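Numbering of ligands and ligand atoms starts at 1, following listing order. Any value given below was found using the heavy atoms of this structure, including those in side chains, with hydrogens, waters and symmetry copies removed. Residue numbers run from 1 in the order of the sequence given. What you see is a predicted model; the values in this text were computed from it and never measured.
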Amino acid sequence: MTLIEDLRAALGAAQVLTEGDLTAFEVDWRKRWRGKALAVVRPGSTDEVAAVVRLCAAAGTSIVAQGGNTGLVGGGVPDASGRQVLLSLARMRRVRALDAANLTLTVEAGCVLQAAQQAAADAGLLLPLSLASEGSCTIGGNLATNAGGTQVLRWGNARELCLGLEVVTAAGEVWHGLGGLRKDNTGYDLRDLFIGSEGTLGIITAATLKLAPQPAAVMTALAACTSLADCVQLLALARSRLGAALTGFEVMGRCARELVARHYPQLPRPLPEAPWTVLLEASDLEGERQARARFEALLAAALAAGSVFDAVVAESLAQSQGLWHIRESIPLAQAEEGLNVKHDISLPVSAIPEYVAHTDAALEQRFPGVRIVAFGHLGDGNLHYNVQAPAGSDARRFLGEHEHAVNTLVFDALVPFSGSFSAEHGIGALKRGELAARKSPVALALMRSIKAALDPQGVLNPGRVL
Ligand code: FAD
Ligand code: ZN
């Protein structure tokens, strides 16, 4: 029998797609990678995933795992060879268990993040992972990329929220590592090896996640700042006044807000344009009145100190959602505006104003008229420092000619600060070259030995990461 026939026998013919429109699986979210799969397989259980891996390994065929296909580095779509099997986890989306006393939720990997958040909310609890792609991205994808998002400042990356995993190995065996333990020092941490491995070490089929109590009140505000240094000062003030109640601190540069205003004119514009706008969120267990009082006192102190020159606090849930909508619409507004070079960099927060001033100037000098769309998770020292072609120019041509030089300039400028060229989105296919060029030989050798130990045949997502 051929591999396709074997897969059909294992999963049922309906779950092995080889014909028709497979674009949704073969083209990535940014439409930068267009692959061709030998077949798209949709297993419905962990045992079926294991069967697919065993069959593919025996046939010498490699596998690309895919969740919501919202990844931004070309890691979750097949290459153009037509020889890779695309394994979609989309049918594996069950909530397996919720343990309220232990504050844990166990879900299958294909569970969409928003559905997992809802399962927690239905039990009066909070799953504190939030990304603009939460309506489509999956828990498996979130863990495979160690996703960040807007709550990292308080709760950490996806890694910090994961207590256990169930994984199908490259040999087609199942590692049953689920469980709700907060302490477990029995040998090497296998869970942490798979988290952030982008489908190259194992296929995540389920996860146990940490939950938290739902806050009694969530406050949102926008604050206008003259400089990034003022934003950093505001962050320090917010941390000292709100402590663990500070759950979000996002910045938006002028250009980012202008793009949102242009492409989504229906969204609110509660503050005038400013060089930098900060979106602050505070979550409080006590209640609305105390939360509002503390929040307003913080903003009054920031206004008095001069780090903020204007601010507005949302008065209702609808207003709060409106403010978040502005922030979350930036990537979409950028996509509407046209092709652009995306960077998700991280540095010590204290170094960000200097880095941005220096890099803005260097880019402007080298590529006059270039538009820098900077925004993101300042509270984590993580900026989406994106570069859009000059207004009115041919963006495709600009990228074709200059993308590499733009990347080199942006990434080289991180070196004096020991910054990272990929804070959130990972390596995938897009940043393999950067990883090879910028990681130390020792780090690369360790990574290669891990890959060789866990996937000696190179069955899982070859050509990605390493
Ligand atoms: P996919 O895109 O399907 O896959 C991503 C990678 O993980 C691929 O390498 C794939 O092979 C692997 N993979 C997927 N599922 C599994 C599995 N079950 N087992 C093993 N490997 C697997 N990311 C952030 O970190 N922070 C953000 O704030 C953020 N905002 C975003 C906003 C928008 C509008 C978009 C489009 C993306 C954003 N992202 C962000 C990137 C992306 O949403 C996240 O990386 C997300 O975690 C990917 O999940 P997914 O299910 O779509 O994964
Ligand atoms: Zn982000």
Do any N/O atoms on Ala65 end up under 3.5 angstrom from N/O atoms on ligand 1? yes

Could you find the nearest protein heavy atom to atom 5 (C) of ligand 1 and give me its residue, atom name and distance? Thr145 CG2, 3.7 Å

If we ignore angles and hydrogens, is there a donor and acceptor under 3.5 Å between the side chains of Thr277 and Arg257? yes

When you compare ligand 1 with Gly148, is there at least one nitrogen or oxygen pair between them that comes in under 3.5 angstrom? yes

Would you call His377 a ligand 1 contact, heavy-atom distance under 4.0 Å? yes

If we ignore hydrogens and angles and just use 3.5 Å, is the side chain of Glu250 paired with the main-chain N or O of Leu378 as donor and acceptor? no

Compute the minimum heavy-atom distance from Gly428 to ligand 1 and say whether it is under 4.0 Å. no

Name the closest protein heavy atom to atom 13 (N) of ligand 1, giving the residue it belongs to and the distance to 0.1 Å. Ala144 CB, 3.6 Å

Under the criterion side chain to side chain donor-acceptor pair (under 3.5 Å), which of His343, Lys431, Glu434 is the partner of Asn407? His343

Nearest-neighbour protein heavy atom for atom 32 (C) of ligand 1, which is reported as residue plus atom name and distance: Ala132 CB, 3.7 Å

Looking only at protein heavy atoms, what sits closest to atom 46 (C) of ligand 1 is Asn142 ND2, 3.6 Å

Do the side chain of Asp455 and the main chain of Leu460 share a donor and acceptor less than 3.5 angstrom apart? yes

With no hydrogens and no angle check, do the side chains of Trp324 and Glu281 hold a donor and an acceptor under 3.5 Å apart? yes

Tell me, which protein residue and heavy-atom name are nearest atom 53 (O) of ligand 1, and how many Å apart are they? Gly141 CA, 3.5 Å

Distance filter under 4.0 Å to Ala109 heavy atoms, resulting ligand 1 atoms: 18 (N)

So is Arg464 in contact with ligand 1, going by heavy-atom distances below 4.0 Å? no

For Ser136, is the nearest heavy atom under 4.0 Å from an atom of ligand 1? no

Would you say ligand 1 has an N or O under 3.5 Å from any N or O of Leu89? no

Just verifying a value: how many Å separate Phe25 CZ and Leu17 CG, rounded to the nearest 0.5 Å? 6.0 Å

Angle subtended at the Zn ion (ligand 2) by NE2 of His377 and OE1 of Glu424, to 10 degrees? 100°

If you count the atoms of ligand 1 from 1 in the order shown, which ones are under 4.0 Å from a heavy atom of Gln66? 3 (O)

Is the ring pair His377/His384 parallel, tilted or perpendicular, if the boundaries are 30 and 60 degrees? perpendicular

